[in-house]
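Numbering of ligands and ligand atoms starts at 1, following listing order.
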Amino acid sequence: MCGTLRASDAGKKAVLMGWVNKRRDHGSLLFVDLRDRSGVTQVVVNADRNAAIHEKAETLRNEYVIAAIGSVKLREVNTVNPNMPTGEVELVADDIRILNESKLPPFLPSDTALTNEETRLKYRYIDLRRDAMQFNIETRHNVAKAIRDYLSAQGFFEIETPFMTRSTPEGARDYLVPSRVQPGTFYALPQSPQMFKQILMISGFDRYFQIVRCFRDEDLRADRQPEFTQIDLEMTYPQPESVWGVVEGFLQAAFKAAGEQIDTSFPRMDYDEAIRQYGIDKPDLRIPPFTDVQECFTAGNLQELAINPNLPVIAIRIPKVGELSRKERDDIKPMFHSKGGARVYEDFKRIGNKYPEAAAAISKKSGMEEGDLIVLVAGSAQAGPQTALPAHRKVTPAELAIYASAGLLRLALAQKYADRHGIFKKTGDPMKDYRFLWVTNFPMFEWDEGEKQWMAAHHPFTSPHEQDMGLLEQGVDSVNDPQSTLSAVRALAYDVVLNGTELGSGSIRIHRQDIQAKIFKALGMTDEEARKRFGFFLEALEYGTPPHGGIALGLDRIVMILAGAESLREVIPFPKTARAVDLMVDAPTPVDERQLRDLGISIKKPS
Ligand code: ASP
């Protein structure tokens with residue numbers, strides 16, 4: 001192959017096949033850089049040795065596919081290229097065969113400047129020839145293989161589940177596939193194999209995994225794909241810790257496959273704790289947590305500052321930012337998005353001038369060092385955060401408003417001043433400082449203000465915490481009440497987080513039909529509706545279902561991090577745009593009348 005010849009091969013005969021990466025004419029000497037996925041070798045064609053071949057070589061253009069036949073020769077010392085693995089040798093051609101020509105491509109794989117992404121996606125086959133893409137796809141293969149090998153060694157079977165199936169609730173819309181043989185009926189593409197993997201536990205397979213495509217029709221945000229790949233797994237009789245151990249093991253293997261070393265035994269944190277310390281359920285541990293500095297102020301101070309004394313006062317600390325200019329300080333306010341009445345106090349210096357004792361106490365409590373930036377977020381005394389939402393949670397809605405506003409500001413400031421603190425890069429963060437975390441004990445339900453009802457925060461098959469069964473019982477008849485005790489029910493659900501990115505979610509499942517029925521009820525589903533949508537599953541639960549649980553992690557995201565890529569599209573061979581379009585094959589497209597007729601479908605003209 002084009003990347004394999006070395007000095008020790010000098011004197012051997014060789015045949016190389018690949019693409020013309022570049023051709024350089026130097027009078028009677030003509031050089032062709034020949035490329036395949038393994039690398040590039042320089043081929044030399046000498047007119048003095050073989051005029052006919054030289055003449056043929058002159059017709060070569062970029063991206064022609066050729067075979068070069070000749071002998072391997074050491075390069076002259078002054079022409080050795082130390083930047084190429086094959087840089088000590090060249091192939092002196094005795095013959096050149098043109099296996100195929102190429103039109104002039106819209107861009108070249110060897111171009112150093114990238115063309116716009118639309119062109120790259122339209123001509124994806126050329127784009128994929130680029131070194132960076134070859135590396136990303138190779139990384140993807142290595143990572144997936146390491147995970148498969150690890151899980152297989154742990155006794156997991158890889159088992160396929162159907163793509164043409166029925167709806168699985170994961171919070172998005174379904175992609176539908178019409179049935180021709182049963183007109184008017186539709187399959188749904190799976191948002192996840194959730195019910196199938198649970199049924200595999202009921203079926204006695206004990207440990208299942210699948211590296212599987214999932215489909216979710218969502219309003220696409222910048223870096224989402226309508227079809228994406230999950231590492232999906234399920235096991236019987238687990239404690240959450242058993243699932244975590246498996247995940248830590250396969251992540252370690254996956255990182256190793258990409259040349260990275262990580263430790264297992266990730267730290268763990270309750271959801272409530274994550275909110276209190278970071279204002280978000282996927283904390284980036286590389287930046288310090290918040291400090292509640294309310295007690296550093298006297299009651300009089302708080303009154304003068306018009307701060308609500310019944311709510312936390314959060315100090316956000318961003319290390320090593322240095323002195324901010326007046327303008328930079330003024331820029332903080334517009335970065336702050338208040339979630340219901342929280343206010344930002346961006347000028348810590350001014351607070352220090354007025355309340356030196358409070359400022360000294362805050363510096364101490366928050367661990368402030370020379371050059372650190374401190375910004376305070378608090379509830380305003382006049383119009384503190386108010387919301388009609390549930391009072392049963394440990395973190396009240398009013399507190400949540402402060403934590404969440406501060407959490408977003410903390411991330412925005414850390415991002416904005418990334419160049420100064422150097423904890424991570426602004427973009428294309430290679431994330432070498434891998435800070436993993438398990439976040440656990442999420443709320444089971446989330447209030448949907450639009451629908452005026454409780455929704456499953458994870459999915460409806462997640463088991464409530466054993467200690468909260470009473471709250472479930474108590475709340476199950478007040479499903480349209482935002483003050484219901486349902487608000488306080490915790491789930492045996494967990495997320496694995498890396499540097500502020502959620503890599504995956506899972507849970508211990510409900511294995512008893514009566515509890516599953518209760519959850520459907522709490523979600524506002526009548527028995528009849530539940531039977532209609534999930535009857536087969538509820539029935540399966542009644543035939544000896546062992547306790548079970550599992551998780552799913554996004555493969556695309558993991559590969560993106562390991563390849564140091566900046567978007568999921570860089571690690572998916574044939575991705576879709578933010579508008580869910582495949583620019584290469586041009587999908588989706590209208591279909592012809594006949595196909596529609598066969599399916600019994602007619603299309604309404606857009607009005
Ligand atoms: N089905 C879930 C998801 O796709 C993962 C799980 O609960 O195992 O997010």
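Between the side chains of D174 and Q191, at least one donor N or O lies within less than 3.5 Å of an accepting N or O. Using a 3.5 Å distance cut-off with no hydrogens or angles, the side chains of S192 and Q230 do not pair a donor with an acceptor. For S242 and Q239, the side-chain atoms include no donor-acceptor pair closer than 3.5 Å.
Taking the centre of each ring, Y208 and F156 stay at or above the 6.0 Å mark.
Between F290 and Y278, the ring planes lie tilted relative to each other; the angle falls in the 30° to 60° range. Using a 30° and 60° split on the angle between ring planes, F436 and F266 fall in the parallel class, below 30°.
Within 4.0 Å of ligand 1, heavy atoms belong to protein residues E170, S192, Q194, K197, R216, Q230, H458, H459, S505, G506, R509, G550, I551, A552.
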